[in-house]
Amino acid sequence: TAGKNEEHKIARWYTNVLPRRGGHIPKMTESRTRYLPLEIKGCCVLKEVSQNKYRVDNSELKDRAHGVCYRLSKSVDDKDPEHVAYWGSVVIGRPAGDGWLC
């Protein structure tokens, strides 16, 4: 159903960071807030679809990347390459000010 597909595409603004190798799950995991910019190079990349839900949109930017890297802080240079909000997905977050979602 469409609702089930939509839920599958929803990404969270925070994540438990686990190692990729061997499937070993550590006793403690790190939970950390991540940020996404509302705009990149003056182009809107997050379009609000409902309260606190945003579609990751490439229609203005027309970038060749797979999506937008999450940031570890409100700095465009502080990318977290392990976490990407893919084009067309819906992310949940709240405005954090200065053009950022968290």
Side-chain angles (χ1 to χ4, degrees):
T1 65
K4 204 170 206 179
N5 287 337
E6 190 68 22
E7 286 177 19
H8 179 70
K9 289 184 174 184
I10 293 177
R12 291 271 180 209
W13 292 107
Y14 56 89
T15 184
N16 287 327
V17 180
L18 300 175
R20 292 178 179 238
R21 297 183 195 155
H24 170 71
I25 299 176
K27 291 181 182 176
M28 295 181 66
T29 59
E30 174 192 357
S31 183
R32 184 169 186 172
T33 299
R34 303 250 181 337
Y35 300 87
L36 283 174
L38 293 172
E39 293 184 354
I40 297 176
K41 298 178 185 175
C43 298
C44 178
V45 294
L46 295 177
K47 300 201 177 191
E48 191 169 14
V49 293
S50 64
Q51 185 176 4
N52 296 331
K53 291 184 181 180
Y54 297 79
R55 183 166 312 280
V56 185
D57 183 73
N58 194 26
S59 64
E60 291 180 34
L61 185 61
K62 301 189 185 320
D63 196 82
R64 295 185 311 173
H66 296 289
V68 179
C69 280
Y70 285 85
R71 301 324 201 261
L72 298 171
S73 67
K74 292 184 194 178
S75 169
V76 293
D77 297 324
D78 197 10
K79 292 181 181 178
D80 180 357
E82 297 290 320
H83 297 90
V84 176
Y86 293 100
W87 301 125
S89 65
V90 174
V91 294
I92 297 172
R94 65 188 189 310
D98 302 331
W100 292 91
L101 253 54
C102 70

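These numbers come from the heavy atoms of this one structure, side chains and all, not from hydrogens, waters or symmetry mates. Note that the structure is a prediction, hence the values are computed from the model and not measured.
Once rounded to the nearest 0.5 Å, the distance linking SG of Cys102 with CZ of Arg34 reads 12.5 Å.
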How far apart are the C-alpha atoms of Asn58 and Val45, what are their side-chain angles, what is the distance that settles it, and do they pass the side chain to side chain contact (heavy atoms under 4.5 Å, CB included) test?
CA-CA 6 Å; Asn58 194 26; Val45 294; 5.9 Å; no
Applying side chain to side chain contact (heavy atoms under 4.5 Å, CB included), run through Val91 and Tyr70 and close with a yes or a no.
CA-CA 11 Å; Val91 294; Tyr70 285 85; 3.7 Å; yes
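Listed by chain and residue number, Asp57, Glu60 satisfy the salt bridge (charged side-chain N to carboxylate O under 4.0 Å, His left out) test with Lys47 (two or more places apart in sequence, or in another chain).
For Leu46 against Cys44, the heavy-atom pair with the smallest separation is O-SG, 3.2 Å. Closest of all the heavy-atom pairs between Asn52 and Pro95 is OD1-CD, 4.4 Å. Looking at every heavy atom in both residues, Cys69 comes nearest to Leu36 through O-CD2, 3.5 Å.
Remark: side-chain polar atoms of Trp87 are not paired, donor with acceptor, to backbone N or O of Ser59 under 3.5 angstrom.
Trp100 and Leu72 are members of different hydrophobic clusters when ILVMFWY side chains are connected at heavy-atom separations under 4.5 Å.
Within the structure, salt bridge (charged side-chain N to carboxylate O under 4.0 Å, His left out) pairs that include any residue of residues 65-78 do not occur (at least two apart or interchain).
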